[in-house]
Amino acid sequence: MSDSAAQAAATASASTWQGLPAIALQLPGGDSALIALQGAQVLSWVAGGKQRLFLSPEAAHDGHTPIRGGIPVCFPQFNQRGPLVKHGFARTLAWSAQAQNAKQLADGGLELLLCLCDSEATRAVWPHAFEALLSVQLRPGALTVQLTVRNQGTQPLAFTAALHSYLHLPLAVEQMQLQGLDGLTFWDAVADTHPVQQGLLGFGPETDSVYPRPAQALQLQNTTGAPWLEIAQDALWSETVVWNPGPALCAQLADMQPQGYQQMLCVEAAAIDAPVVLAPGQHWQAAQYLRAAPGL
Ligand code: TA6
């Protein structure tokens with residue numbers, strides 16, 4: 001980095017993705033992020049000159065259908081664990097944010113806050129007054145995404161949630177592995193069994209597994225151990241979900257290319273096995289932390 005680049009300020013500016021409103025974050029060293037207002041969904045994160053998030057070229061962009069890729073925010077329901085639409089309504093609604101309100105962080109980073117409050121539409125399906133805030137923090141080589149949920153009503157509310165991060169893989173998924181889950185008993189949702197993870201997690205056919213949050217950060221690496229990304233999450237994200245559709249399910253997903261499953265792995269910070277219950281006025285806050293290794 002040149003001296004002038006090092007002294008330049010990080011910037012946030014209004015942008016678009018496929019015609020949808022978005023906000024672009026740019027650090028002087030070259031790292032960047034793009035966040036769609038729909039769903040407060042981080043769609044792109046470039047660190048060390050390499051794209052670290054997967055975004056399907058076939059992703060919907062009609063402004064209300066879930067966008068396949070990036071970091072969808074699943075709230076107030078994970079998957080089909082309740083009466084709401086799959087993964088909740090937060091990923092289909094427009095959040096509010098202003099690029100000019102992005103905050104320069106003391107360590108050279110940049111923070112964007114996005115907000116979703118209850119509306120007539122949300123109260124019609126989920127009768128609660130709430131405020132959800134997503135903080136997206138871009139730092140050199142690192143991205144932090146933090147969800148805060150506040151109960152603004154007079155009754156307790158309960159929710160499940162996840163940051164459904166689609167990580168871009170530099171090699172085919174069969175050549176990648178996840179380190180850090182060894183010894184954990186997990187729910188294999190494909191086989192509907194509860195085995196114990198033995199060593200590194202590799203990929204082939206569909207993977208859809210719910211692990212208890214590991215104590216240490218996970219490392220996504222290639223099969224010879226060269227690191228690509230480190231993934232950590234706060235303790236209030238009590239589970240980690242690992243998902244790759246594999247070839248058969250991928251072929252059925254209209255918004256994925258047939259081979260798209262090879263380029264992605266979802267490693268999700270989730271609070272799903274026990275719903276989070278908030279008394280009136282209470283809030284809940286937890287982050288997922290992604291750190292880029294130089295590359296493969
Ligand atoms: O988090 C894994 C999962 O719940 C899978 O079961 C799979 O359905 C995936 O999310 C994607 O869901 P979506 O509704 O975005 O197609």
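All ligand and atom numbering here is 1-based and tracks the order in the structure. Remember, predicted model here, so these are calculated numbers, not experimental data.
Note on ring orientation: taking the six-membered ring where Trp is involved, the planes of Trp187 and His194 are parallel (angle under 30°, cut-offs 30° and 60°).
Of the protein's non-hydrogen atoms, Lys86 NZ, 3.2 Å is the one closest to atom 12 (O) of ligand 1. Scanning all protein heavy atoms for the shortest distance to atom 6 (O) of ligand 1 gives Asp208 OD2, 2.6 Å.
Residue nearest to atom 14 (O) of ligand 1, selected from His164, Arg91, Glu268, Arg81: Arg91 (by heavy-atom distance).
Ser56 and Gln257 are not linked by any side-chain donor-acceptor pair at a separation below 3.5 angstrom, with hydrogens and angles left out of the test. No side-chain donor-acceptor contact under 3.5 Å links Thr16 and Gln18.
Residue contact check: Asn79 has heavy atoms under 4.0 Å from atoms 3 (C), 4 (O), 6 (O) of ligand 1. Taking every non-hydrogen atom of Arg68 and a distance limit under 4.0 Å, the qualifying atoms of ligand 1 come out as 11 (C), 13 (P), 15 (O), 16 (O). Atom numbering of ligand 1 starts at 1 in the shown order; those under 4.0 Å from a heavy atom of Val241 are 1 (O). Of all atoms in ligand 1, listed by their number and element, those nearer than 4.0 Å to a heavy atom of Phe78 are 1 (O), 4 (O).
Taking SG of Cys117 as the start and CG of Leu93 as the end, the distance is 11.5 Å to the nearest 0.5 Å.
Listed by chain and residue number, Glu268 satisfy the side-chain hydrogen bond (donor to acceptor under 3.5 Å, both in side chains) test with His164 (two or more places apart in sequence, or in another chain).
Within the cation-pi definition used here (under 6.0 Å to the ring centroid, within 45° of the axis), Arg52 qualifies as a partner of Trp228.
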